[in-house]
Amino acid sequence: MSQDETGEGQPAELPQYAERVLDVADLIPPGRVMTYGDVAEWLGDGGPRQVGRAMALYGSAVPWWRVVRADGGLLPGHELRALDHYRAEGTPLREASGHADGHVPRLDMRRARWDGDGGGAGGPADGRSEETHR
């Protein structure tokens, strides 16, 4: 999660798309999450992979743990750091079954997912309600 640099040691200019992604991440309330696809839909531009790339390269300065995979699985390699944030914010979790690798909880996407209502410019790009957004 590092920012690219120019050959002169100066931080590279933040690409416009990445800046827009980070702005959405900043809007997500504590205890709630949006999927990579939700963010792309909100922006009306790009897709989950583009959002994931922007978050991987530039997301360390925003609440990166609030932009997640659609299956509720925690970001590989960052599970424990994310879990600390989720617990501190009261993000709904589903405890892992005894058969799950490492017994790491998953996000309870039904309860934790935020549709953008009450924050940002208009919510998801297509204007769908929370019920149809899921």
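Sequential numbering from 1 along the given sequence is applied to the chain's residues.
Side-chain contact check for Thr35 versus Met109: some heavy-atom pair is nearer than 4.5 Å.
Residue Pro92 comes nearest to Gly31 through the heavy atom pair CD-O, 3.5 Å, listed as atom of the first residue, atom of the second, then distance. Nearest heavy atoms, Trp65 versus Tyr86: O-OH, 2.5 Å. Taking each heavy atom of Leu93 and Pro105 in turn, the nearest pair found is CB-CB, 4.4 Å.
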Could you pull out all donor-acceptor pairs under 3.5 Å where a side-chain atom in residues 66-76 meets a protein atom, sequence neighbours excluded?
{"from": "Arg66", "atom 1": "NE", "to": "Glu89", "atom 2": "OE1", "distance (Å)": "3.2"}
{"from": "Arg66", "atom 1": "NE", "to": "Glu89", "atom 2": "OE2", "distance (Å)": "3.4"}
{"from": "Arg66", "atom 1": "NH1", "to": "Ile28", "atom 2": "O", "distance (Å)": "2.8"}
{"from": "Arg66", "atom 1": "NH2", "to": "Glu89", "atom 2": "OE2", "distance (Å)": "2.6"}
{"from": "Arg69", "atom 1": "NE", "to": "Asp71", "atom 2": "OD1", "distance (Å)": "3.3"}
{"from": "Arg69", "atom 1": "NH2", "to": "Asp71", "atom 2": "OD1", "distance (Å)": "3.3"}
{"from": "Arg69", "atom 1": "NH2", "to": "Asp71", "atom 2": "OD2", "distance (Å)": "2.8"}
{"from": "Asp71", "atom 1": "OD1", "to": "Gly73", "atom 2": "N", "distance (Å)": "2.8"}
{"from": "Asp71", "atom 1": "OD2", "to": "Arg106", "atom 2": "NH2", "distance (Å)": "3.4"}

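Not counting sequence neighbours, the partners of Ala18 by the side chain to side chain contact (heavy atoms under 4.5 Å, CB included) test are Leu14, Pro15, Ala54, Tyr58. Not counting sequence neighbours, the partners of Pro48 by the side chain to side chain contact (heavy atoms under 4.5 Å, CB included) test are Tyr36. Legend: residues meeting salt bridge (Lys or Arg N to Asp or Glu O under 4.0 Å) with Asp108, ordered by chain and number and at least two apart, are Arg111.
Contacts classified as salt bridge (charged side-chain N to carboxylate O under 4.0 Å, His left out) and involving residues 14-24 (residues at least two apart or in different chains) are given here: Arg20-Asp45.
The CE atom of Met55 lies 14.5 Å from the CD atom of Gln50; values are rounded to the nearest 0.5 Å. Expressed to the nearest 0.5 Å, how far CG of Asp38 lies from CG of Leu43 amounts to 11.0 Å.
Between the side chain of Arg32 and the backbone N or O of Arg113, at least one donor-acceptor pair lies under 3.5 Å.
Note: His85 and Trp64 have perpendicular aromatic rings, judged against thresholds of 30 and 60 degrees for the angle between ring planes.
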